[in-house]
Amino acid sequence: VIGREAIVSGIAVELPEVGSFPAEYLLSTAPRLIPKHPLDPVTNLGRGLRFKDRATKLALCAAQTALRDANLPAGPMDQILSTHFGVVVACNTGNLDTVVNTTDQIQQGGVVRTSPIDLPNASSNVIASTLAIRLGCRGPNLTITSGGTAGIDALAYAERLIRSGRSDLILVVGVEVRNAVTASLFVDSISTWLKAVAPLELADGAAAVVLEEKSILASRQRKSYAAFHCFSTSLEIKRSKLEAVFAVSLRPWKWLVPPLAYPEVGTRLANIGSSAIPPENQQDLAPLIGDGFGMLGVLQAAAAAAWLQTAPSNAVVAISAGGQFGGPIGTALMKKVVN
Amino acid sequence: MTDLVITGTAMRTSVGRNRAECFKAFVEGRSGVKLLFTFDKTRFRVQHAYEIDDRGFPPNERAARASEWLVEVVVAALAEAHLLHAPARTINVLVGTGLRELRSVELWSKGQHVPDLEHLDFGARLRAEIASVGEVLTLSNACSASNCALALAEDVLRLGDAEVLVVAGTDSITESMHGLADRANPIAIPTRLQPFDTDRKGVVLGEGAAAVVIESIDSCAERRIEPLARLLGVGMNCDAFHETAPSLEGISTAMKLAHERSRIGPNEIDLLMAHGTGTLLNDEVEIAAIMNVFGERVRKVPITALKSLTGHTSGASGLIGLVTAVECIQHHKITPTIGIDHLIPRVQDLDIVQKTRDETLNTAQINAFGFGGVNAVAIVGRAVR
């Protein structure tokens, strides 16, 4: 267990409404100029997914791209690797349409109206388990649904699964879907909280990062994007720890922030040191993608990892997500891997 | 490696409002099955469930019941561990759940509840009601969720990332899951959950919540608290095989992982709390896996299935089993599997406990397997004085 470290070895972003592009474009100066992709990525998926929901398909697209980026097979792996290959998914909205539509069908015509095919799709862990079945991941398989911090929580627990030795390789996927049910529940919930029109819509998309144990990645001689320095999955609680970090050598060069359109978010970030980071180095992805919600932390990790690849060796990036309903903000510090 | 101890436990099910009431009902073999309280019975074939009777009479539907029970059990477990009044925001909670507050989403879709994405997970409610609660993880790992949360807690504590944690599980019944389980039922309509019976007809859902306080043995000693039991280890894996059908290889591996992590063999397991969902396939595969892993020992280890009393409490079921196992160890009793009219032939040589039995127990294994092949097996042991 001693000396084990999780390294980001593959990344992917699937934001069909924004365009088709590599993760590094997210932190480029002109993300608005990204060319629109004519096709929804899920249309490129192979057979056998006819009855899967959109969240599962988006997650699978991101997962396959990230695995290819890490030069790992985007299909069933051999037995030995697969027992140490885990999946951690962050998603709040994936199965809500199935749940609501099934309830409608029951109300209209009783259970005979429902489809048994929806049974797995009604379960909140269908994305993670489908990824495991398609990719042969027999390690820990987690679905984290902690609201806006889910993506940061997923990274934190994935990193720990590698550190503890339960896994050597983890696919971390963040995904949220916007459809009639989730769009309305999201906007109405935010409006009820703010007693005003919701400033953002729910995002629709997925992001993935592959985390790999350092020595195993070294034995494969593959690229290392980034490592994690520390996590705080609730900003205020670990405030002192982060303050110390932000004040000295690990002051982030860039800070990917939670949606600043929500009240208090800017103030709360300033309280732990965002004022030390020039505004041009703070980036809120919400104007581009909407509220990434549980997906945001993983999307930020992919974007930060891409940016770090070409940054100087002492570069540090902070990623923060959450803050909806005045709730917690999760933060992770990512750094270059020094060999 | 740091030894881990359990210093507070609590549970609530259809047969009891607290741990003592639940355990008394289990020992007496009382089932919580009733006709559906609030769902429109004309819409379903399955008319029964193991619901918690907390909606008055006539029953008045309301949202966020799983959150209410969760707060109750976390408060009770923290109180027993003398941590309820710990400094503000210092105790992190890991909540395993199958169905989150999806019932509130269903009620919203019918116009019977406000839009409330904030309380779909359990963080906001726990932090609002318990000052000492800090970070909250909501883990939606189907029917093994609370045992999976226990595995994550084991890692946090063993790595020294925290000294004390609460692991909890909670689940209320949703119309969509009750309906889809009903729809997917291949055979006759079940009126109760009958693990290991040849005529078992499938899952009947239940409601419940459980919580445990877990800490390093050093933290426990420093606080001068008597531990209730030890957490020896939790094995966790995924079948990567099928969404709803279990895999013999996958669940055998999960049990072996639990034994390895706990550094004990099947010969040292004194009680096996089976997942025992009472579906045709699940019971067969679980028994085959137990035979596979336990070898010669399989005829001697007492096996019991709590779901015959509580129904299938989804993501909460693993931890309800664990809290019960700790009670069994402390009270030298094994709770029964009720409702078996005709034992499955292949388990006739096994020790399926059908009547409450007095027995000294040093260890217990708690199985939990979920949709998508997510497996988590926990092992607890008697506290060392």
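Note that this is a predicted model, so its numbers are computed, not measured. Both backbone and side-chain heavy atoms feed into the values below; hydrogens, waters and symmetry mates do not.
You'll find the side chain of A:L142 reaches within 4.5 Å of the side chain of B:L139, heavy atoms only. Considering only heavy atoms from C-beta on, A:F325 comes within 4.5 Å of B:L117 through its side chain. Considering only heavy atoms from C-beta on, B:S140 stays 4.5 Å or farther from A:N125 through its side chain. Two residues are said to be in side-chain contact when any heavy atoms from C-beta on lie closer than 4.5 Å; A:Q108 and B:R43 fail this criterion. The side-chain heavy atoms of A:S184 and B:W108, taken from C-beta on, include a pair separated by under 4.5 Å. A:V126 is not listed as a side-chain neighbour of B:F371, based on a closest heavy-atom distance of 4.5 Å or more. Side-chain contact check for B:R183 versus A:L119: every heavy-atom pair is 4.5 Å or farther apart. Looking at heavy atoms from C-beta onward, B:R127 lies in side-chain contact with A:P328 at the 4.5 angstrom threshold.
Proximity to chain B is limited to the side chain of A:T192, based on heavy atoms less than 4.5 angstrom apart. Looking at A:Q107, both its backbone and its side chain come within 4.5 Å of chain B, counting heavy atoms on both sides. For chain B, the nearby part of A:F293 is the side chain; its heavy atoms alone come within less than 4.5 Å. Using a 4.5 Å cut-off between heavy atoms, B:H242 contacts chain A through its backbone alone, with no side-chain atom that close. Heavy-atom distances place no part of A:V89 under 4.5 Å from chain B, backbone and side chain included.
Of all the listed residues (A:D188, A:T103, A:T182), the one sharing the greatest number of non-hydrogen pairs under 4.5 Å with chain B is A:T103. Chosen from B:L102, B:V105, B:T244, B:L152, the residue pairing most often with chain A at heavy-atom distances under 4.5 Å is B:L152. For the set B:A151, B:A88, B:G250, the count of heavy-atom pairs under 4.5 angstrom toward chain A peaks at B:A151. Residue with the most contacts toward chain B among A:G86, A:P140, A:S115: A:P140 (heavy-atom pairs, distance under 4.5 Å). Each of A:T93, A:V99, A:N95 has some count of heavy-atom pairs under 4.5 Å with chain B, and the biggest count is that of A:V99. Taking A:V187, A:I144, A:T143, A:T102 one by one and counting their heavy-atom pairs under 4.5 Å with chain B, the maximum is reached by A:T143. With respect to chain B, the highest number of heavy-atom pairs below 4.5 Å among A:I190, A:T130, A:L96 belongs to A:L96. Of the residues considered (B:L257, B:V156, B:T253, B:N375), B:V156 shows the highest number of contacts with chain A, using heavy-atom pairs under 4.5 Å.
With respect to the salt-bridge test (charged N to carboxylate O, under 4.0 angstrom), the residues B:D155 and A:R163 do not qualify.
To the nearest 0.5 Å, the span separating OG on A:S232 from CD on B:E135 amounts to 6.0 Å. Separation of atoms CE (B:M236) and CG (A:L161) is listed at 5.5 Å; rounding is to 0.5 Å. Distance OG/A:S82 to CG/B:N237: 10.5 Å, rounded to 0.5 Å. Atom OG of A:S164 sits about 6.0 Å away from atom CZ of B:R261, to the nearest 0.5 Å. Between atom CG of residue A:D153 and atom OG1 of residue B:T138 there is a gap of 8.5 Å, rounded to the nearest 0.5 Å. Taken to the nearest 0.5 Å, the OG atom of B:S176 stands 10.0 Å off from the CG atom of A:D118.
When all heavy atoms of A:S146 and B:V136 are compared, the pair lying nearest together is OG-O, 4.1 Å. Here the closest non-hydrogen pair linking A:A132 and B:C238 is CB-SG, 3.7 Å. Scanning all heavy atoms of the two residues, the minimum distance from B:G179 to A:I106 falls at CA-CD1, 3.9 Å.
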Assess the residue pair A:Q324 and B:E118 against the criterion (side chain to side chain contact (heavy atoms under 4.5 Å, CB included)); give the C-alpha distance rounded to whole Å, side-chain angles, the decisive distance to 0.1 Å, and a yes or no.
CA-CA 8 Å; A:Q324 296 85 358; B:E118 180 182 2; over 6 Å; no
Passes side chain to side chain contact (heavy atoms under 4.5 Å, CB included), A:Y157 versus B:L94? Steps please.
CA-CA 11 Å; A:Y157 279 91; B:L94 290 81; 3.8 Å; yes
Test salt bridge (Lys or Arg N to Asp or Glu O under 4.0 Å) on A:R138 and B:D239; report intermediate values, then the result.
CA-CA 6 Å; A:R138 293 163 195 253; B:D239 293 345; over 6 Å; no
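Judged purely by distance below 3.5 Å, without hydrogens or angles, the side chains of A:S124 and B:R100 pair a donor atom with an acceptor atom.
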